[in-house]
Number of protein chains: 2
Amino acid sequence: MVDDVVRTLGFLCMGSRFRRIGERLQADTQQIIEEYGIVIQAAQYPFLAALDRAGALTIGELAQAVGITQPGATRTVSQLLELGLVDMQAAPDDQRRRLISLSRKGQELVDYSKQSVWPRISAAVADLCGDLNGPILAQLAAIEDGLAEAALARRAAKEETT
Amino acid sequence: MVDDVVRTLGFLCMGSRFRRIGERLQADTQQIIEEYGIVIQAAQYPFLAALDRAGALTIGELAQAVGITQPGATRTVSQLLELGLVDMQAAPDDQRRRLISLSRKGQELVDYSKQSVWPRISAAVADLCGDLNGPILAQLAAIEDGLAEAALARRAAKEETT
DNA sequence: AGCAGTTATATAACTTGTTATGTAATTTTC
DNA sequence: GAAAATTACATAACAAGTTATATAACTGCT
């Protein structure tokens with residue numbers, strides 16, 4: 001039996017490792033969503049949640065809220081538009097900005113999800129991550145903050161080469 | 001300032017969150033690799049490490065070793081073939097199996113990497129993840145084991161519906 | 001020996017993120 | 001007030017994973 005190199009190499013392959021964990025979690029989350037007969041992708045939910053929480057947001061604000069880049073947000077928003085879950089209109093004071101808001105259908109989906117799918121997903125994931133050995137959410141937050149500090153790895157590199 | 005919905009929603013968006021952390025780590029890792037003038041992708045390194053560690057492996061064994069699916073392994077191997085870093089030949093006893101091994105050039109790259117890039121990457125990532133608050137590697141291993149148990153989320157679902 | 005089933009790899013299409021770059025609207029500067 | 005710079009979004013091309021399916025080689029049964 002070949003052992004798991006990524007795991008054995010420890011810190012060397014953390015990128016791949018985080019990524020593949022994320023992909024599997026998303027796939028499992030998708031399973032749960034589909035059991036409820038809901039027709040959206042797992043990755044689209046954070047957008048709806050952000051709009052529900054904050055009201056209308058621009059593309060840029062949405063990207064920031066869900067933590068991805070602007071082109072990614074543009075694409076997901078256009079999918080949600082096609083699904084009729086959000087509305088888009090240019091901001092009155094600045095024609096460049098597009099204000100995205102939950103449509104009636106989108107709001108209904110969010111309201112339904114809040115009391116059905118979301119608790120189920122949270123429970124399943126918490127069962128997987130949280131019950132094990134502690135405050136993984138805090139650890140992830142710390143890692144994200146570290147990454148946000150303008151790429152720690154890159155900084156370390158500059159120190160060395162300059 | 002819009003807050004980070006993914007983070008605020010806690011366990012609900014763990015998939016996206018792991019994934020985006022992984023992608024950023026990989027991007028940073030790539031930066032380090034390029035500083036050394038090495039022309040491979042961060043995601044290809046685990047394959048070379050696996051071959052260095054275990055000798056010749058088939059496509060299927062490689063997929064298992066680096067923890068991805070077989071089509072993903074097939075693609076990465078074909079990239080490494082084009083780069084001249086590995087050799088491929090059919091297994092003598094079973095023409096279906098393709099034995100992949102490090103080429104001379106590949107072995108040289110691994111030997112060089114072992115003493116230059118890999119320690120640098122490990123150090124940078126450990127600095128980011130390990131120094132903070134403990135044994136994150138153990139936690140990830142536990143999560144991966146949980147996921148491997150045939151999709152925990154899905155099992156939970158079946159309990160409920162049957 | 002031949003046929004059925006299984007296994008190993010290849011290929012195609014998709015997902016969800018990325019970077020790089022283009023375009024239109026606004027703001028700044030002279 | 002017009003030119004230059006900036007900002008917000010859109011578009012294109014790529015990366016690295018996925019699932020689904022096809023093909024070729026092997027194994028087992030009668």
Side-chain angles (χ1 to χ4, degrees), chain A residues 2 6 13 15-31 33-34 40-47 57-64 66-81 88-100 147 151, chain B residues 2 6 13-31 33-34 39-47 57-64 66-81 88-100 147 151:
Chain A
V2 181
V6 174
C13 310
S16 283
R17 197 166 175 192
F18 267 96
R19 191 172 178 158
R20 87 189 200 200
I21 290 176
E23 270 153 7
R24 285 177 194 172
L25 275 174
Q26 269 187 334
D28 281 10
T29 302
Q30 191 66 41
Q31 286 274 339
I33 292 172
E34 279 164 14
I40 75 171
Q41 302 289 106
Q44 296 168 346
Y45 254 140
F47 287 78
L57 293 173
T58 66
I59 297 274
E61 288 166 338
L62 264 174
Q64 199 179 336
V66 306
I68 64 171
T69 55
Q70 169 262 309
T74 296
R75 179 169 48 193
T76 299
V77 164
S78 72
Q79 292 166 348
L80 293 172
L81 273 169
M88 178 162 85
Q89 64 184 119
D93 54 320
D94 184 342
Q95 297 291 106
R96 292 171 305 176
R97 297 183 146 175
R98 302 302 156 89
L99 281 172
I100 315 298
L147 283 171
Chain B
V2 180
V6 173
C13 310
M14 286 291 268
S16 284
R17 196 166 175 192
F18 268 97
R19 190 172 179 159
R20 88 188 199 201
I21 290 176
E23 270 153 7
R24 284 177 194 173
L25 275 174
Q26 269 187 335
D28 282 9
T29 301
Q30 191 66 42
Q31 285 273 341
I33 292 171
E34 281 165 11
V39 295
I40 76 172
Q41 301 291 104
Q44 296 168 346
Y45 253 141
F47 287 77
L57 293 173
T58 67
I59 297 275
E61 288 166 337
L62 264 174
Q64 201 180 334
V66 307
I68 64 171
T69 55
Q70 169 263 310
T74 295
R75 179 171 46 192
T76 299
V77 164
S78 71
Q79 292 166 347
L80 293 173
L81 273 170
M88 178 162 85
Q89 65 183 119
D93 55 319
D94 185 342
Q95 296 292 106
R96 291 171 307 177
R97 295 183 147 175
R98 302 302 156 89
L99 282 172
I100 315 299
L147 282 171

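Quick note on labels: first sequence line is chain A, next is B, and so on, each numbered from 1. Any value given below was found using the heavy atoms of this structure, including those in side chains, with hydrogens, waters and symmetry copies removed. Quantities reported herein were computed from a predicted structural model and do not represent experimental measurements.
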Let me know the distance between [atom1] of [X] and [atom2] of [N], rounded to the nearest Å.
X       : N      : atom1 : atom2 : result
B:Gln31 : C:dT19 : CD    : C1'   : 12 Å
B:Gln26 : C:dT16 : CD    : C1'   : 13 Å
B:Gln41 : C:dG17 : CD    : C1'   : 15 Å
A:Ile68 : C:dT19 : CD1   : P     : 12 Å
B:Arg24 : C:dT16 : CZ    : P     : 17 Å

Between which nucleotides of DNA chain D, 5' to 3', does chain B make heavy-atom contacts below 4.0 Å? D:dA15 to D:dC26

So B:Leu62 and B:Val77, do their side chains get closer than 4.5 Å, heavy atoms only? yes

So what does [X] touch, heavy atoms closer than 4.0 Å: a base, only the sugar-phosphate, or nothing?
X       : answer
B:Thr58 : sugar-phosphate
B:Gln70 : base
B:Arg19 : base
B:Gly60 : sugar-phosphate

Take A:Thr69 and A:Arg96, find for each the nucleotide of DNA chain C with the closest heavy atom, and name the residue whose nucleotide sits nearer the 5' end. A:Thr69

On DNA chain C, does the nearest nucleotide to A:Gln30 precede the nearest nucleotide to A:Asp94 from the 5' side, or the other way round? Give the residue. A:Gln30

Taken to the nearest 0.5 Å, the spacing of A:Gln44 CD from A:Gln79 CD works out to 5.0 Å

Gap between atom CD1 of A:Ile33 and atom CG of A:Asp28 - 0.5 Å precision: 11.0 Å

Hydrogens and angles aside, do B:Arg98 and B:Gln89 bring a side-chain donor and acceptor to less than 3.5 Å of each other? no

